[in-house]
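In what follows, a single structure is set out as structure tokens and then discussed.
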Amino acid sequence: MLSTNLGAHGKCLLNSLRSYRKSPATCTCHLSTHTTEVNKLRYELFCARRGEVESSQLPPCEDCLFMHALRANYQAAIWRRSLQSQPFVANPTDCGWMTDEDGKLAVNWMRGSPAPDAVMQLLSCKCVRSCELPKCTCLSNGLKCTDMCRLQTCQNKAIEEEPVAQQSDSESDVDDIEED
């Protein structure tokens, strides 16, 4: 089991962590279900509540759970070696942490996007005058405001880049011929 191996090695136990993500124990602590995959459990809970559920009421997604386990393993490894005179300490950025703009350690909550892009475009806040913490649900979840948000002139909207016109290969071949 993962808990007895936690912190046993300086490097994170990726195989143990991968098996833990699909552990029945991970899912049964939230709901009596036959589901053994965390993401499916999140979906079942979301559907059971007909979508009327805050993200904080759901278990973490598989990616967030994995990153949390990496950080827990890192901390446990430090504690296991606390009495050694020169303990090996892994690089925290390899174990669920990242450095922020100021060079300080910060939690790396997930490696990918929190949801598919199509779902992200459906999220919205109901801000009226300005998008500010803690009232703006987009900001409080670390997201950019979308076209679905009530306020369309906030500072939290994603900046859309203009697509660069690309020449097709056939057009560039024509240009080459004309230059000769």
Under 3.5 Å, is there a donor-acceptor pair between the side chain of N108 and the main chain of G96?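 Here the side-chain-to-backbone pair does not exist.
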Counting N and O atoms only, with roles assigned by atom type, does the side chain of R81 sit under 3.5 Å from a partner on the main chain of A77, one being a donor and the other an acceptor?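 Present.
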Contacts of Q75 that satisfy side chain to side chain contact (heavy atoms under 4.5 Å, CB included) - sequence neighbours left out: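 Partners of Q75 under the side chain to side chain contact (heavy atoms under 4.5 Å, CB included) test: I78, W79.
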If you apply the rule side-chain contact (heavy atoms from CB on, under 4.5 Å), what do you find for W97 with L105, and how did you get there? CA-CA 6 Å; W97 297 90; L105 279 181; 4.0 Å; yes
Calculate, to the nearest 0.5 Å, the distance between atoms [atom1] and [atom2] belonging to [X] and [Y] respectively.
X	Y	atom1	atom2	answer
E44	E37	CD	CD	10.5 Å
E132	C125	CD	SG	11.5 Å
H68	L70	NE2	CG	10.5 Å

Among all residues two or more places apart in sequence or in another chain, which pass the side chain to side chain donor-acceptor pair (under 3.5 Å) test with T93?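 Per chain and number, T93 pairs via side chain to side chain donor-acceptor pair (under 3.5 Å) with N91.
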Residues in side chain to side chain donor-acceptor pair (under 3.5 Å) contact with Q86, at least two apart in sequence or another chain: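 Q86: no side chain to side chain donor-acceptor pair (under 3.5 Å) contacts found.
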Kindly work out whether a path of hydrophobic side-chain contacts (I/L/V/M/F/W/Y, heavy atoms less than 4.5 Å apart) joins [X] to [Y].
X	Y	value
Y74	W109	yes
L58	L41	yes
L45	Y43	no

Which heavy atom in [X] sits nearest to a heavy atom in [Y], and how many Å separate them?
X	Y	value
S130	C127	O-CB, 3.6 Å
S124	C138	C-SG, 4.1 Å
C61	R42	CA-CD, 3.4 Å

Linking directly or through intermediates, with side-chain heavy atoms under 4.5 Å: list the remaining ILVMFWY members grouped with L139, chain and number order.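 Listed partners: L133.
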Between F66 and M110, is there a side-chain heavy-atom distance shorter than 4.5 Å?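 No, every pair of side-chain atoms sits at 4.5 Å or beyond.
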For a 4.5 angstrom cut-off between non-hydrogen side-chain atoms, does C145 reach C136?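 SC-SC contact between C145 and C136 confirmed.
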Would you tabulate the side-chain donor-acceptor contacts of residues 150-157 under 3.5 Å, counting partners in other chains and residues two or more places apart, or write 'none'?
residue	atom	partner	partner atom	Å
Q152	OE1	K157	NZ	3.3
Q152	NE2	D147	O	3.1
Q152	NE2	C149	O	2.5
N156	ND2	L143	O	3.0
K157	NZ	T146	O	3.4
K157	NZ	D147	OD1	3.1

Not counting sequence neighbours, which residues clear salt bridge (Lys or Arg N to Asp or Glu O under 4.0 Å) with K40? List them please.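 Not a single residue meets the salt bridge (Lys or Arg N to Asp or Glu O under 4.0 Å) criterion with K40.
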